[in-house]
Protein chains: 4
Amino acid sequence: MNIAVIGGHVCSPDIARIAEEAGKGIAELGATLVCGGLSGVMEASCRGAKSAGGKTIGILPGHDKAAANRYVDIPIATGLGYMRNNLVIKNADIVIAIDGKEGTLSEIAFALQMKKPILGIKTWDIPGIIKVKDAQEAIARIKQRG
Amino acid sequence: MNIAVIGGHVCSPDIARIAEEAGKGIAELGATLVCGGLSGVMEASCRGAKSAGGKTIGILPGHDKAAANRYVDIPIATGLGYMRNNLVIKNADIVIAIDGKEGTLSEIAFALQMKKPILGIKTWDIPGIIKVKDAQEAIARIKQRG
Amino acid sequence: MNIAVIGGHVCSPDIARIAEEAGKGIAELGATLVCGGLSGVMEASCRGAKSAGGKTIGILPGHDKAAANRYVDIPIATGLGYMRNNLVIKNADIVIAIDGKEGTLSEIAFALQMKKPILGIKTWDIPGIIKVKDAQEAIARIKQRG
Amino acid sequence: MNIAVIGGHVCSPDIARIAEEAGKGIAELGATLVCGGLSGVMEASCRGAKSAGGKTIGILPGHDKAAANRYVDIPIATGLGYMRNNLVIKNADIVIAIDGKEGTLSEIAFALQMKKPILGIKTWDIPGIIKVKDAQEAIARIKQRG
């Protein structure tokens, strides 16, 4: 199972902590973390996943796989710019949105369009998002789904 | 100048009337209408533009340019699926959002990301959208911008 | 009918003359010219088409429609880089290849894959290309096809 | 290091054997195999890589990661159709082309465009390809490069 973590490339320390916990929880579920491969929420979630021995995929906007953050195991360069947001969602079975701005909003839109379950922590208030208060609750909800 | 009209491929007669008026207004401004090239709001806006002698571009999700609605002058096949939403916005100088669901939300997100002015009529309530009540007000606002 | 002209963004004066004649011939056939929108063969063919009152579409690799050459009527920005080569072919009913390097080779490959007729003037020697000696012969062949 | 193996989705048993040996050799070099994720040369090379404990990435044309052949460790769904050929090359440091038709030709073109070393076994005769007679020679050449 692939779980995407989406959120901004810049974030506060509090948001980074949530993203890191989400990544750790994903690894502990035995799932693969998929993200956009860059900084901020993406990097924090990958760091969390690696701290628990997980596997991380970073689907990058640019042409060079070397642009991935250091916690990405499998960087995928696309050269698609923000269209790569669609690929992040396409490769996820479940999506966790944490904070985020317009880029994250486009990913939320694509997740709703592809009818993928999407859990939201301190993010856009869009109907269809399952609101949770923190990473622990997001992971607990995913565990319940089985 | 290119003005995009975005909205669902299925819509009510009321929404279609608004889309048609927006298309007509765009043509009267001397601008080119850009849209996703299919049915619903896209088709109604193209019909409006053509009724006033305007020019219409339809950027299609599929591989076949013959899939465009009959009011599209310049169909562009992309084979990009919903990623083509990004191209609709990329080719617009100003965006008018009318009604719409998740696809429209992804276009709104891309418009905000690319910092393009976006006017909204009965659509998603997202910060950054300039809310207007109808097509006439949208066109009047665009005229004011010069 | 859309006819693509493909070839390099840099070319000799002789190749530019052929491209210009091809563009003129396309316009005289009443067809729309599709190309990659930039310099070299693309610009020369657009100039030829406009000299005969034709219509030109330029499908651009970058994010900005202003990058098109001055003879493009309908610039389409894609942000797809060289992947836009696929869109040039997708939007053509017939392809004319003139000279060209690796980018042109990728377009020839896509044309063969999509089973679109492809006429070649002083270009790659690939089975499936209909070799012609100049623009006049290319246009004559297209006229014969009806 | 990522090494792409490119070739047709249908191939003869002889070509499949070469692809399998190439995949095995890539794994023995400690490199990751990147391919288009489907059948034919792609599947045979992945099978070879897995037989030697290697890692395999399949960059798929469709929307569903479940479409990958059974020897792909990391399937990446793109929904880009044949444009995904560009992503296969973008994610490779070195390319091995084996047999193949128009799809493979487009990948060869992109490899030349991106100036990536490309070794060819019984494939298109295009200047810039380093011709080798079999998988062993391809792997030996890559080892020499260091």
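Values below: every heavy atom of this structure, side chains too, minus hydrogens, waters and symmetry copies.
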More than 12 heavy atoms of other groups within 6.0 Å of D:Lys122 NZ: no
Closest heavy-atom contact between A:Lys65 and D:Asn2? CE-ND2, 3.5 Å
By a 4.5 Å heavy-atom criterion (distance strictly below it), what part of D:Ile74 contacts chain A: side chain, backbone, both, or neither? side chain
Counting heavy-atom pairs under 4.5 angstrom with chain D, the leader among A:Asp93, A:Asp64, A:Leu80 is A:Asp93
Euclidean distance, A:Leu87 CG relative to D:His63 NE2, rounded to 0.5 Å: 10.0 Å
With a 4.5 angstrom heavy-atom cut-off, is it the side chain or the backbone of D:Ile57 that approaches chain A, or both, or neither? side chain
Decide if atom NZ of A:Lys24 counts as having more than 12 heavy atoms of other residues, nucleotides or ligands within a radius under 6.0 Å. no
Of A:Val34, A:Thr78, A:Asn91, which is the lone residue that meets side chain to side chain contact (heavy atoms under 4.5 Å, CB included) with D:Ile76? A:Asn91
Does D:Lys116, at its NZ atom, have more than 12 non-hydrogen atoms belonging to other residues, nucleotides or ligands within less than 6.0 Å? yes
